[in-house]
There are 6 protein chains.
Amino acid sequence: MTTPDPADTLTHFDASGQAHMVDVGAKTPTERLARARGRILMQAATLERVREGSSAKGDVLGVARLAGIMAAKKCGDLIPLCHPLPLTHVRVGFTLQDDPPAVLCEAVAQTEGKTGVEMEALTAVSVALLTVYDMCKAVDKGMVMDGIALLEKRGGKSGHWLREGEVPL
Amino acid sequence: MTTPDPADTLTHFDASGQAHMVDVGAKTPTERLARARGRILMQAATLERVREGSSAKGDVLGVARLAGIMAAKKCGDLIPLCHPLPLTHVRVGFTLQDDPPAVLCEAVAQTEGKTGVEMEALTAVSVALLTVYDMCKAVDKGMVMDGIALLEKRGGKSGHWLREGEVPL
Amino acid sequence: MTTPDPADTLTHFDASGQAHMVDVGAKTPTERLARARGRILMQAATLERVREGSSAKGDVLGVARLAGIMAAKKCGDLIPLCHPLPLTHVRVGFTLQDDPPAVLCEAVAQTEGKTGVEMEALTAVSVALLTVYDMCKAVDKGMVMDGIALLEKRGGKSGHWLREGEVPL
Amino acid sequence: MTTPDPADTLTHFDASGQAHMVDVGAKTPTERLARARGRILMQAATLERVREGSSAKGDVLGVARLAGIMAAKKCGDLIPLCHPLPLTHVRVGFTLQDDPPAVLCEAVAQTEGKTGVEMEALTAVSVALLTVYDMCKAVDKGMVMDGIALLEKRGGKSGHWLREGEVPL
Amino acid sequence: MTTPDPADTLTHFDASGQAHMVDVGAKTPTERLARARGRILMQAATLERVREGSSAKGDVLGVARLAGIMAAKKCGDLIPLCHPLPLTHVRVGFTLQDDPPAVLCEAVAQTEGKTGVEMEALTAVSVALLTVYDMCKAVDKGMVMDGIALLEKRGGKSGHWLREGEVPL
Amino acid sequence: MTTPDPADTLTHFDASGQAHMVDVGAKTPTERLARARGRILMQAATLERVREGSSAKGDVLGVARLAGIMAAKKCGDLIPLCHPLPLTHVRVGFTLQDDPPAVLCEAVAQTEGKTGVEMEALTAVSVALLTVYDMCKAVDKGMVMDGIALLEKRGGKSGHWLREGEVPL
């Protein structure tokens, strides 16, 4: 790796290695989309509670959905070098999985801007899962969050990125 | 499950299933500690960048550590039904793992109060890992966060809880 | 009113009329409770949507409830001279009223502290009603919020206060 | 109402009834204006204090004005499904009314964007009135906020909306 | 300096040099007070505007006072390793100085807690001065803030600290 | 001064002297840049600690840099009448000065918008210096912040402004 090319650079640091908020002034605003996913593994009995809650009483997923959407709006405040940007769309959805028992979460964030919205989508997933944890921890402290990852990204100079094996939105 | 006992209840909902911020007024303040862990899997070359950064230039982990600590302080703002509480201590540490290549993160949160600090420790880990993602995503979009879980919890009526196989702090 | 007594004072200003955050250092922490109410008047058809939403799809009140609870936690950030305080309990409930068509909202806030929680309860009601407006405004821009008032207050030196005609909690 | 038309939809929910932040990516940015009003009813003696305060000492309305302006900027953080947007103008004004004794508040918010600013104007009014309550509650706990409503709205696809009986700005 | 004693330590770093939020769990809560000062130098004509504003119209100092008080409440959010704490009192005052022309600002913050409130008082002064700058910058871009310093500190293990030449509060 | 010209106006007040957030709707978005500077004077021994910290352990300046960058993003929340705006670039740098011993801080903020970014650059400097104070106060309470000033401003109708004696960026 004798000649470093731009793709090799951790862009959040300048030439002397100091952290900065990258200059995106010269970038062209484009439509941006990012989609992320994650899940929280839990005991079968806990999943049953979540499932009941969605229909009858104690809507765990309704609360977690809102938490995820609101967290996407706070992303620039949470991630130190992230650019603040006005989101045009955020969507957070859940799927219940029986084996192993888990709640799956998928989030989509969109904007028209100079920087991508990967962090907004990933933050929405993370905070939605943390909220599921918070609401179920009285009955199941051992829950584990995993598989939190970017699935797809559109817009910007780098164009379309799709995780291997995923179907584009 | 004919006679539900308290441990079966999702306490963030009242008897009619409406979300609320649980009344902890009658609880006794005690010393509270929570410890959580998680990791972000990445390409070996990305890990190498992080390792270099920690010594010479581009301190990824220094930025992620601060992000985690600051996020713990925002937990009551992020998690809808979480009680706000004044933390007395937050610590976020990292370990680099070669196989598979990953950054491991462990956080400890402490307070003297009426509610536990599990959410603060888990939020610190999640946001620290998200920040590593943010700072390395220019070279590695495929990173995956996993194993985000509570390891240990002290204080409160339920006493000491330790994840199976873990060594207490 | 020749001799002003303490009760006549707008305590948020000092002797020279300058705004300040009142010194409550010498006050004794006591259990505090405040209960507030308000409503949003709407067209009968809009109320019908809200009613359907609560059972089947589009849970307006579930979203508004969370917004109210989270706003109570932000009260010290919104009201300039309000003391920040760690709430021990927040509850937001709704009743649907047919004539005139309206959503009624009632909130209870509690803490153990040196200042009252009236502002937290009133802020919860106001933001919950604003959220109902936000979610229904696409079909009914003319909705009106009214009757936002404190119903009851417990704790502190001034003791129990109950709005005339109200039943204590 | 057999064939629902778009105007019948609570747009903050998707087809399956899940809350989301509506996709406004395809909307054209236009100049947006919203004007809202509300009042807080109080005892005549309290109004007298507010009136004195505005001239000599204890500027209740000056504090409430700032609180309203700053709250407009926090609207996207308070109202769960509200789009964050960069305001270009916020103005909050007050009128004192003697019979019945009350402080009237009117707010104007403007932006150039893809979504309206009704919530920003209504939030400014609500928080300004809450601040008046906070500053006068030591002498008058019974104050009531009412008549909080949108007066006028300009911009966007739906064009000009004016509350019946109001004079356009 | 061969044998480092505790007073030599930058306590915001642990033994391995990693930033953390210091553990104050074992500290005894005491009454804490901090007082800070600073000034903003400006053209004589600008100072004249500020002076007029305070009496007749355009209350620069009223706005700056509120900004300072509200910033003190946000201190734990602004200063990365600062403990969040519930303030019991904040006061911000101004003096106009003619030669050289300047606005002087002094702030007092108080709490009953385990950590000091120096940062709250200094943050109040800094943000109040920044607000004066913001409100006068249309007529005077060259204003300079200086002399921002702690004057006095009470409470905690270290007891009373007074800047040389200052009179205790 | 019989005929006031626009440059004489404190624009944050309207014709009747009421504070408002200035209407910038009619302004043309342009590239905006602001550069600010400040320093914190300290004992020589404290400076030595900061210097060591930057290389070996206890990275005071790394923490302060992040605090400054994050504060620039919160400027619209801190300064009451400041317009919120999406920054495209923020950079915070430090220089160590031996005589008198001090840490110098310089910040650059950029955006493409309708209002300038002076406040963002000045806020970044102020909060970065406050953070240095926080991290070193255990060993040196007497540190003083001074010389906080705008150095340069580009963009907008008023064009390029450069503090006398400064070299343009």
Side-chain angles (χ1 to χ4, degrees), chain E residues 1 6-13 16-19 38 40 45 49-50 53 56-60 62-64 66-67 70-71 74-75 77-82 116 118-119 122-123 126-127 129-131 133-139 141-150 153 161 163-164, chain F residues 1 6-13 16-19 38 40 45 49-50 53 56-60 62-64 66-67 70-71 74-75 77-82 116 118-119 122-123 126-127 129-131 133-139 141-150 153 161 163-164:
Chain E
M1 198 185 298
D8 283 345
T9 315
L10 296 187
T11 52
H12 282 350
F13 299 103
S16 62
Q18 307 303 357
I40 180 164
R49 289 263 163 56
V50 172
K57 52 176 196 153
D59 182 7
V60 170
V63 177
L66 275 196
M70 295 178 84
K74 285 184 194 126
C75 189
D77 198 36
L78 287 173
I79 310 297
L81 302 175
C82 197
E118 301 97 300
M119 295 318 300
L122 285 163
T123 298
S126 292
V127 173
L129 295 178
L130 285 167
T131 300
Y133 186 95
D134 181 47
M135 301 192 76
C136 297
K137 70 180 192 294
V139 298
K141 283 179 184 49
M143 291 174 284
V144 177
M145 287 160 264
D146 79 358
I148 302 174
L150 187 68
K153 174 188 188 320
W161 181 89
R163 180 171 287 271
E164 207 181 306
Chain F
M1 199 186 298
D8 283 344
T9 314
L10 297 186
T11 51
H12 281 351
F13 299 104
S16 62
Q18 308 304 357
I40 181 164
R49 289 262 165 56
V50 173
K57 53 177 193 151
D59 183 7
V60 170
V63 177
L66 274 196
M70 295 178 84
K74 285 184 193 128
C75 189
D77 199 36
L78 287 172
I79 310 295
L81 302 174
C82 196
E118 300 96 301
M119 295 319 301
L122 285 164
T123 298
S126 293
V127 173
L129 295 178
L130 286 167
T131 300
Y133 187 96
D134 181 47
M135 301 191 78
C136 297
K137 70 182 192 293
V139 297
K141 284 179 184 48
M143 291 174 283
V144 177
M145 287 160 263
D146 79 357
I148 302 173
L150 188 68
K153 174 190 189 316
W161 181 88
R163 179 172 288 271
E164 208 181 305

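Note: hydrogens, waters and symmetry copies are ignored here, and every other heavy atom, side chains too, is used. Quantities reported herein were computed from a predicted structural model and do not represent experimental measurements.
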Below 4.5 Å, heavy-atom pairs only: which of [options] has the largest tally toward chain E?
options	value
F:Gly147, F:Ala71, F:Ala19, F:Ser126	F:Gly147
F:Leu129, F:Leu150, F:Leu130	F:Leu130
F:Val127, F:Ile40, F:Leu66, F:Asp77	F:Asp77
F:Lys74, F:Arg163, F:Met145, F:Lys153	F:Met145

Which atoms of [X] approach chain F - backbone, side chain, both or neither, heavy atom under 4.5 Å:
X	value
E:Thr123	both
E:Ala67	both
E:Met119	side chain

ask   = For E:Cys136 and E:Met143, what are the C-alpha separation, side-chain angles and deciding distance, and is it a side chain to side chain contact (heavy atoms under 4.5 Å, CB included)?
value = CA-CA 9 Å; E:Cys136 297; E:Met143 291 174 284; 3.7 Å; yes

key: Which residues share a salt bridge (Lys or Arg N to Asp or Glu O under 4.0 Å) with F:Lys141, sequence neighbours left out   =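 Expected list: none.
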
ask   = chain E heavy atoms under 4.5 Å from F:Glu164: which part of the residue, side chain, backbone, both or neither?
value =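 For F:Glu164, neither part sits under 4.5 Å from chain E.
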
ask   = With sequence neighbours left out, what residues match F:Lys137 under side-chain hydrogen bond (donor to acceptor under 3.5 Å, both in side chains)?
value =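 Testing F:Lys137 for side-chain hydrogen bond (donor to acceptor under 3.5 Å, both in side chains), a comparison that skips the adjacent residues, returns F:Asp134.
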
request  = Mind checking the OG1-OH spacing from E:Thr131 to E:Tyr133? Nearest 0.5 Å is all I need.
outcome  =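 Those atoms lie 13.0 Å apart.
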
ask   = What distance do E:Glu118 atom CD and E:Trp161 atom CH2 have between them, rounded to the nearest 0.5 Å?
value =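 Between E:Glu118 CD and E:Trp161 CH2, I get 9.0 Å after rounding to 0.5 Å.
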
task = For F:Val63 and E:His12, run side chain to side chain contact (heavy atoms under 4.5 Å, CB included): C-alpha distance rounded to whole Å, both residues' side-chain angles, the deciding distance at 0.1 Å, then the answer.
result = CA-CA 10 Å; F:Val63 177; E:His12 282 350; over 6 Å; no

